[in-house]
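A note on names: the letters A, B, ... follow the listed sequences, proteins ahead of strands, and every chain is numbered from 1. Just so it is clear, the structure is predicted and the values come from calculations on it, not from any experiment.
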Amino acid sequence: MIEARGLTKRYGDTTAVDGISFTVQPGIVTGFLGPNGAGKSTTMRMVLGLDAPTAGTVTVNGRRYDQLGAPLQEVGALLEARAVHTGRSARDHLLAMAATSGIGRRRVEEVIDLVGLREVAGRRAGAFSLGMGQRLGIASALLGDPATLMLDEPVNGLDPDGIVWVRTLLRQLADEGRTVFLSSHLMSEMELTADHLLVIGRGRILRDVSVAQFLADAGGTRVQVRSPQSGALRELLDGPGVTVTSTGRDALEVRGLTSEEVGTRAAAAGLTLFELANVRASLEDAYMEITRDAVEYRGGSADSSDLQTRSAA
Amino acid sequence: MTSTVQTTTGSPLPAPPRAVDQRRVTFPRVLTSEWVKFRSLRSSWAMLLAAAAGLVVIALIIAANTGSHRAGLDPEDTVLSATLQGYHLAELLMGILGVLFVSGEYSTGMVRSTMAAVPRRVPVLFAKAIVLGVVVGVAMAVATLVAFLSSEAVLARSGHGFSLSDPTGVRVVFGTALYLVLVALLGSAFGWVVRSTPGGISSLVGLLLVVPLLLSLFGDLGRTVAEYLPSPAGEAFAVSLRLPHTLSPTTGLVVLVLWVLAAMTTAAVLLKRRDA
């Protein structure tokens with residue numbers, strides 16, 4: 001379990017993380033979603049005690065990271081930028097990491113097999129492709145058989161085969177009761193992997209919801225309808241609680257009515273329909289909408305209040 | 001990679017055993033980790049080998065050159081420590097080795113893995129210093145001993161050889177090795193403070209070679225101050241020739257050790273305080 005309370009990080013005048021609070025629960029995969037530069041990596045570095053928070057706290061299993069006696073067993077982390085000495089072989093890197101916690105060679109060989117790096121384990125990590133580097137990072141994260149896994153953009157650079165493998169692995173780890181926290185700037189990846197979402201934009205948590213709830217909030221389903229008499233159809237359908245938008249010359253998108261209702265009313269009015277379909281809102285669209293809102297909001301008033309906070313401090 | 005197929009199916013992880021105490025970070029474990037790191041970099045061994053070879057080869061060359069014609073030579077080429085002048089090369093190499101052992105972690109991003117594994121951080125600084133000190137100490141003690149004995153054997157043929165049992169013999173031979181250890185430690189402290197390979201190397205070389213030269217331009221006062229810089233302080237106990245403006249061997253050793261302690265303390269404070 002990871003708990004952040006009022007977590008803040010400022011670099012000079014820039015606020016990278018702006019007083020965020022969240023809890024990452026065990027047993028599920030929690031996705032940390034946001035555009036590049038939203039504060040995901042900074043937050044993760046603070047979880048690991050690499051960056052000190054300007055304000056607020058973040059704990060892992062109830063304790064600050066630097067208070068953990070056996071950190072590799074509590075948290076396995078994959079950091080965004082490669083955190084491996086390029087002159088060392090993958091195996092030696094893992095052996096050095098393992099040694100800090102008294103983890104033996106057997107476990108090192110085990111994780112090498114687990115991530116599929118057996119054939120290249122003796123090669124310099126500097127010669128690795130991005131995908132191999134990610135696998136090495138995941139191997140390193142798994143070394144201590146940790147209760148919490150925190151992965152920054154884990155599928156970045158992996159081939160499709162590798163992406164499926166990571167997804168399966170994370171699901172399995174969560175099913176074993178572990179806490180799995182992964183970041184991505186790709187909604188499509190989260191839709192397939194995560195159970196719960198933390199959406200971050202400009203250093204603030206914008207949503208803290210289950211994927212199902214996120215989808216419902218995104219407007220649920222819409223009805224897409226095409227008719228040569230779209231003007232008449234529009235007048236017919238419009239009413240309280242219903243929004244009709246034109247999406248093309250003869251196409252409408254209807255919210256607030258089911259496809260059955262649209263079809264029945266059109267038939268009663270003698271209107272011709274070419275197409276009638278339910279469209280599920282894509283998480284991608286919803287995500288874009290939320291982060292765009294955040295950008296607009298932040299562009300307005302929030303910056304000046306930031307300035308006031310700084311001058312007050 | 002053929003093994004990908006096998007892992008795609010999701011090979012089972014052993015159920016998490018929660019014997020947390022077995023996997024605690026302890027200082028001996030951090031020390032082991034730093035030893036694994038040191039021995040697994042080819043550059044570590046290349047630099048040790050180059051320094052050792054430099055000491056021995058330069059000693060033999062000096063012995064071969066001075067063996068026949070001693071008259072007209074500078075005193076620094078006839079004293080007991082004369083054949084160990086390869087330490088000029090070795091001090092640069094060992095200083096750079098010290099910088100690299102630390103700055104390599106910053107330039108590659110490895111330091112984030114290291115500090116995530118050892119969140120208290122400062123044990124890593126001590127462990128690196130111990131590994132560096134022991135490895136450089138053993139390698140350079142052997143190298144200076146071999147350099148001294150082989151070169152004096154050459155000189156002995158012309159009747160001018162020194163022996164380890166001569167008054168300053170042991171002090172010079174092992175003092176040179178100790179000087180190289182302290183320079184390597186100073187280099188590692190620079191690596192922690194500066195966090196970059198070029199920056200670390202240039203500031204170390206500046207302090208060892210350039211600053212003493214610059215100070216000597218400022219007359220007597222400059223030369224007096226220069227005595228307390230790391231390299232002149234080291235030469236006070238590593239070299240047998242007594243020149244004016246040189247500290248006593250003991251004072252020189254104390255001064256250099258203080259430099260190392262001050263640099264290490266600065267490094268430790270910054271390591272604890274700064275973001276990794």
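Distance alone, capped at 3.5 Å, is enough to place a donor-acceptor pair between the A:Y65 side chain and the B:A116 backbone. Judged purely by atom type and a 3.5 angstrom limit, B:S33 has no side-chain atom pairing as donor or acceptor with the backbone of B:R29. For the pair A:T179 (side chain) and A:M1 (backbone), a donor-acceptor distance under 3.5 Å is present.
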Exercise for review: Run the numbers on A:E110 and A:R107 for salt bridge (charged side-chain N to carboxylate O under 4.0 Å, His left out), then give the verdict.
Suggested key: CA-CA 5 Å; A:E110 225 169 76; A:R107 178 62 184 165; 2.7 Å; yes
Practice item. Under the salt bridge (charged side-chain N to carboxylate O under 4.0 Å, His left out) rule, what do B:R112 and A:D51 come out as? Steps first, then yes or no, please. Key: CA-CA 10 Å; B:R112 287 192 291 272; A:D51 284 17; over 6 Å; no
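Considering only residues two or more places apart in sequence or on other chains, B:F38 meets the ring-ring contact (aromatic ring centres under 6.0 Å, His included) condition with B:W45, B:F101. The side-chain hydrogen bond (donor to acceptor under 3.5 Å, both in side chains) check on B:E105 picks up B:K37, B:T114, B:K128, with sequence neighbours excluded.
Proximity to chain A is absent for every atom of B:S43, based on heavy atoms less than 4.5 angstrom apart.
Rounded to the nearest 0.5 angstrom, A:D18 CG and A:T8 OG1 are separated by 6.0 Å.
Among residues 186-209 of chain B, no residue has any heavy atom closer than 4.5 Å to a heavy atom of chain A. For residues 267-276 of chain B, a heavy-atom distance under 4.5 Å to chain A picks out B:D275, B:A276, given by residue number.
Inter-residue side-chain proximity for A:I163 and A:L192 is flagged as unmet; no heavy-atom pair is nearer than 4.5 Å. The closest side-chain heavy-atom distance from B:Y179 to B:T144 is not below 4.5 Å.
Comparing A:G177, A:A98, A:G137, A:S101 by heavy-atom pairs within less than 4.5 Å of chain B, the highest count is held by A:S101. Contacts with chain A were tallied for B:R121, B:M115, B:E34; B:R121 has the most, counting heavy-atom pairs under 4.5 Å.
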